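First the structure, in the form of structure tokens, and then the observations on it.
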Amino acid sequence: MIDTVKFNYPLKDQQCGAVLGNGYTGELLWGEGNILNVTIGCTNLWDHRGGMKWTAAQNFEDIRSALAAADEKKIRSFFYQEKTDGVLRPSLIPVGRLVITLPEKAVLLRYEQHLTTGQTRVFYEFDGKEKFLDFFADFTLQDAIACRGLDDSVKLEILDSYYLSEQKQHRWKLAEHLSLAEHGFIPPEKFSDGNTMGFIQQMPADPSFALFGRKFDNGTFTLCFKRNVNDPAQLTAAEVNGFDLIAESSKEYFTGYWQDIPHIRYPDQLLERVYYHNLFKYAIITNPQAGLVPGLQAAWIEDDSLPPWQGDYHFNINIQMYMLPGLKSGKFANLKLLFDMILSWKDKLRQNARCFARIDNGYMLPHAVDDRATCMGGFWTGSIDHGCSSWVAQMMFDYCDYSGDLDFLRNEVYDFMLGVLRVFEVMMERDENGKLSLPVTISPEYRGAGMDAWGKNSSFHLAAVHQLAKNIIRAAEMLGIEPYAGAIDIRQNLPLFSIENNEIALWEGLLLEESHRHHSHLAGIYPFEVVDPLAPEMQEIIQNSIERLTRLGMGEWVGWCMPWASQLYTRCANPEMAELILKIWQNAFNNAGGASLHDGRYKGLTIFAQIRGEVMQIDGGMGAITAIQDQFMHVYDGELRVFYGISDHHTGVSFDRMFAPGGFRVSGRIDSSGQVSVEVIAAADSLLKIRIRQSRQFTKAMKAGETLRLQLGNGEIFTA
């Protein structure tokens with residue numbers, strides 16, 4: 001395992017800084033010269049004003065009629081939203097900054113971050129000597145971070161985001177407002193009392209927050225974040241954790257986190273570093289003790305502006321991508337945070353379905369919401385994208401399949417899956433031959449919100465429905481109940497995808513016309529497992545579809561769609577391209593500090609490069625974890641496929657005890673001679689179905705606790 005990552009200063013941009021956090025707060029350590037900045041944000045610091053409420057006017061029948069008539073005015077009226085106190089949408093809010101000013105002639109050198117303990121050591125040179133500051137995040141969740149190594153020559157100052165956003169010269173606009181003042185905030189109340197200093201910021205409609213710090217006589221400093229504070233006296237009298245306690249909490253958390261992580265080994269360390277560094281970030285942003293689900297930037301929000309796209313929850317790929325590493329990593333408690341949040345919204349999701357589908361037993365989740373499931377609104381195609389609900393339902397089922405949590409499947413997930421399917425059933429039509437279709441569908445973000453941004457039988461929605469129906473049938477089998485007849489009907493009578501000229505189409509009559517960031521027409525390959533790209537009958541169709549994707553190029557791709565493309569190539573048994581895309585992503589969509597970017601780092605690869613500054617999103621980095629895991633092992637329809645994303649010329653490659661559906665733990669090795677071996681451990685009585693590098697399928701019923709060792713020879717699997 002790679003234990004330490006190192007980056008050299010200067011790191012002039014916030015998102016280039018070292019990342020710390022505990023799932024509630026997050027910190028970025030950046031700067032140059034003798035100035036070290038600590039930007040602090042909070043995962044759930046929401047300004048809840050604004051957003052769109054679903055109404056009876058937003059029903060499927062009227063939407064369909066307006067689209068058929070190309071009545072843009074009516075469509076806009078359905079999804080129109082009023083401002084609340086001048087605010088259109090809910091947004092996460094930045095917090096502030098701790099400025100550490102070292103002696104005048106000091107120079108920041110580098111930081112070294114120990115992934116197994118969470119310690120971040122910042123080195124600087126002063127008076128010809130190398131010195132350092134140590135930082136730990138507080139996993140007791142009482143405070144934010146602590147620092148050690150301060151002396152009287154070091155100056156500390158806490159700045160508020162109200163001031164910082166007013167001072168910034170904004171060159172682009174990805175948020176509704178550029179500053180907190182413009183967003184309706186008033187200046188904070190600042191205070192300093194002895195060794196405690198900070199500010200209290202009132203929120204227009206939500207509880208206030210405070211950022212404050214306390215310096216101790218032993219050269220340590222603790223930075224704290226609190227909600228619902230109105231009197232500085234509360235803060236000066238507050239109990240604050242010391243450095244040693246905070247350091248111990250971090251070491252304890254990360255020791256437990258890494259204890260059962262599947263390890264990997266590549267011939268070179270580039271992708272290994274990507275894997276372990278991003279798993280470290282995953283540990284931070286999904287800390288089960290914090291109980292919070294990260295948004296697009298988690299808590300690593302710039303302190304001098306409101307976050308791009310409100311920092312919200314995007315359910316048309318982004319949140320799936322940055323929560324999924326918990327599946328094959330076995331971090332089920334981390335992943336389940338997402339499902340607990342969504343299920344807490346059940347009443348609101350039922351109301352959405354009641355308005356849209358006019359049924360009482362459905363669930364509908366739009367593509368962009370805040371932490372209360374308030375729809376961001378305005379973007380009609382995203383608001384009616386029911387593929388978002390289906391994708392979440394698939395993740396819930398996969399969690400149950402991997403973890404063996406049948407109680408959760410029985411008590412919560414099965415009902416959720418049925419509710420999502422019932423909405424799709426309302427959207428379906430049946431022809432005179434009994435065949436089903438979806439007359440009004442979209443492909444995420446294709447053609448934006450135009451009147452031509454929809455069609456019949458989008459391949460994305462068809463794949464989503466089929467995966468949902470397949471999982472409902474499988475779940476019924478696991479629970480020992482009768483499967484829902486509607487799911488069987490869909491599997492038999494709804495097309496798997498739309499096809500034009502022997503290619504997978506976006507929807508009926510429309511092939512991919514341009515380079516596009518969403519590979520959604522190929523969603524039947526991944527994330528939904530309903531199209532086997534290696535099946536003989538699919539070979540020509542898949543080849544034609546991938547050739548079109550290649551011909552149109554990456555010109556309008558963004559960071560998070562690169563790992564997705566790698567996953568598609570892994571499943572098409574093109575390991576060289578799967579690996580190359582990840583390496584291109586690492587080079588072109590990661591900044592100088594290893595943070596994943598939405599836009600490209602260099603001009604030339606894509607048009608979304610250096611046109612609106614550095615936009616960090618966590619989805620690309622988290623998606624890279626899953627893409628790397630998929631290279632070693634992925635699943636199609638319950639069948640484990642091992643080493644499909646590892647090139648034949650690689651040796652000295654391995655993965656260890658990766659989690660798989662059915663409760664299996666799988667390890668694999670390709671030794672220096674090229675010999676391939678695999679070990680499977682069963683946690684429960686299960687039927688193993690496995691292929692290794694396109695061998696014929698090997699099956700074996702395994703008992704709980706049984707270990708099976710396999711080898712590959714001449715394209716056949718045999719027991720070792």
Side-chain angles (χ1 to χ4, degrees), residues 14 20 22 24-29 31 35-47 92-102 133 135 137-138 140-148 150-168 179-243 245-246 299 301-306:
Q14 295 184 41
L20 288 85
N22 56 23
Y24 180 52
T25 59
E27 293 77 39
L28 297 161
L29 276 57
I35 304 295
L36 178 65
N37 299 298
V38 182
T39 288
I40 181 170
C42 177
T43 301
N44 73 337
L45 184 58
W46 281 95
D47 179 347
L92 284 169
I93 298 299
V95 176
R97 178 187 305 177
L98 168 66
V99 180
I100 301 175
T101 303
L102 302 170
L133 304 174
F135 294 86
D138 184 4
T140 73
L141 300 177
Q142 176 177 317
D143 301 313
I145 64 167
C147 173
R148 178 179 62 188
L150 304 171
D151 58 34
D152 292 338
S153 69
V154 178
K155 308 299 181 185
L156 303 175
E157 183 181 13
I158 293 178
L159 302 178
D160 57 87
S161 287
Y162 183 95
Y163 164 81
L164 291 166
S165 62
E166 282 284 274
Q167 296 300 309
K168 182 174 181 178
S179 69
L180 288 180
E182 187 182 352
H183 205 62
F185 280 61
I186 61 173
E189 179 185 359
K190 300 179 182 181
F191 68 93
S192 180
D193 183 1
N195 289 326
T196 303
M197 59 181 171
F199 65 86
I200 297 173
Q201 176 70 66
Q202 298 297 327
M203 299 270 282
D206 293 275
S208 61
F209 66 89
L211 180 64
F212 69 102
R214 182 169 299 165
K215 189 173 181 180
F216 298 91
D217 292 338
N218 60 357
T220 65
F221 182 85
T222 300
L223 186 65
C224 312
F225 174 82
K226 303 289 185 187
R227 295 299 305 272
N228 203 20
V229 175
N230 297 298
D231 184 353
Q234 294 176 260
L235 304 179
T236 55
E239 185 176 332
V240 173
N241 283 336
F243 180 88
L245 178 60
I246 289 174
I301 296 167
E302 289 90 344
D303 54 34
D304 56 5
S305 59
L306 277 77

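Note that these values count all heavy atoms, side chains included, but never hydrogens, waters or copies made by symmetry. This structure is a prediction, so every number in the text was calculated from the model and none was measured.
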Review point. Side-chain contact, heavy-atom cut-off 4.5 Å: Ile100 with Phe221?
Key: no
Point to revise | Residues forming a side chain to side chain contact (heavy atoms under 4.5 Å, CB included) with Asp193, sequence neighbours excluded | key: Thr236
Review point. Who are the salt bridge (Lys or Arg N to Asp or Glu O under 4.0 Å) partners of Arg97, not counting sequence neighbours?
Key: Asp303
Revision key, fill the gap. Rounding to 0.5 Å, atoms CD1 (Ile246) and CG (Asp138) come to a distance of 4.0 Å
Check your understanding: Side chains of Ser208 and Asn228: donor-acceptor distance under 3.5 Å anywhere?
Key -> no
Review point. Listed by chain and number, what are the side chain to side chain donor-acceptor pair (under 3.5 Å) partners of Asp206, not counting sequence neighbours?
Key: His48
Exercise for review: Mind checking salt bridge (Lys or Arg N to Asp or Glu O under 4.0 Å) for Lys215 and listing every partner two or more places apart, or none if nothing turns up?
Suggested key: none
**Study point:** side chain to side chain contact (heavy atoms under 4.5 Å, CB included) evaluation trace for Leu180 with Leu306
**Key:** CA-CA 7 Å; Leu180 288 180; Leu306 277 77; 3.9 Å; yes
Check your understanding: Quick one: ring pair (Phe, Tyr, Trp, His ring centres under 6.0 Å) partners of Phe209, sequence neighbours excluded?
Key -> Phe225
Review point. Where do Gln142 and Glu239 come nearest, in terms of heavy atoms and distance?
Key: NE2-O, 2.8 Å
Exercise answer: donor-acceptor pairs, residues 194-202 side-chain atoms, under 3.5 Å, sequence neighbours excluded:
unit_1	atom_1	unit_2	atom_2	d
Thr196	OG1	Arg214	NE	2.9
Gln201	NE2	Ile186	O	2.8
Gln202	NE2	Asn230	OD1	3.1

Review point. Who passes side chain to side chain donor-acceptor pair (under 3.5 Å) against Asn37, sequence neighbours left out?
Key: none
**Study point:** Residues which pass salt bridge (Lys or Arg N to Asp or Glu O under 4.0 Å) with Lys168, listed by chain and number, not counting sequence neighbours
**Key:** Asp304
Point to revise | Spatial distance of atom CD1 (Ile145) from atom CD1 (Ile40) [nearest 0.5 Å] | key: 6.5 Å
Point to revise | Nearest heavy-atom neighbours spanning Ala210 and Leu235 | key: CB-CD1, 3.6 Å
Revision key, fill the gap. Contacts of Asp160 meeting salt bridge (Lys or Arg N to Asp or Glu O under 4.0 Å) (sequence neighbours excluded), chain-then-number -> Lys190
**Study point:** Which residues share a side chain to side chain donor-acceptor pair (under 3.5 Å) with Thr101, sequence neighbours left out
**Key:** none
**Study point:** Distance, nearest 0.5 Å, that separates CD of Glu166 from OH of Tyr162
**Key:** 5.0 Å
Study note, to complete from the structure: The reported gap from CD1 in Ile93 to SG in Cys42 (rounded to nearest 0.5 angstrom) is 11.0 Å
Check your understanding: Any donor and acceptor pair, going by atom type alone, linking the side chain of Ser165 with main-chain N or O of Ser161 inside 3.5 Å?
Key -> yes
Practice item. Answer whether the closest heavy-atom distance between the side chains of Leu223 and Phe212 falls below 4.5 Å. Key: no
Point to revise | With Leu28, the side-chain contact (heavy atoms from CB on, under 4.5 Å) member among Val38, Ile301, Thr39 | key: Thr39
Exercise for review: Dump the intermediate steps for side chain to side chain contact (heavy atoms under 4.5 Å, CB included) on Ile35 and Val99, then the final yes or no.
Suggested key: CA-CA 7 Å; Ile35 304 295; Val99 180; 3.9 Å; yes
Exercise for review: Give, for atom SG of Cys224 and atom CG of Leu211, the distance between the pair rounded to the nearest 0.5 Å.
Suggested key: 8.5 Å
Review point. Is the backbone of Arg148 close enough, under 3.5 Å, to the side chain of Thr220 for a donor and an acceptor to pair up by distance?
Key: no
Practice item. Using side chain to side chain donor-acceptor pair (under 3.5 Å) as the criterion, list what pairs up with Glu27, not counting sequence neighbours. Key: Thr25
Check your understanding: Are the side chain of Gln167 and the backbone N or O of Leu164 linked by a donor-acceptor pair below 3.5 Å?
Key -> no
Point to revise | Non-hydrogen atoms of Leu45 and Val95 that approach each other most closely | key: CD2-CG2, 3.6 Å
Check your understanding: Of all residues at least two apart in sequence or in a different chain, which pass the ring pair (Phe, Tyr, Trp, His ring centres under 6.0 Å) check with Phe243?
Key -> Phe136
Review point. Nearest heavy-atom pair of Pro204 and Gly184: which atoms, and what distance?
Key: CG-O, 3.6 Å
**Study point:** Flag if over 12 foreign heavy atoms under 6.0 Å of OH, Tyr163
**Key:** no
Practice item. Heavy atoms only: give me the nearest Pro207-Arg227 pair and the separation to one decimal. Key: O-NH2, 2.8 Å
Point to revise | CG-CG distance between Leu20 and Leu29, expressed to the nearest 0.5 angstrom | key: 5.5 Å
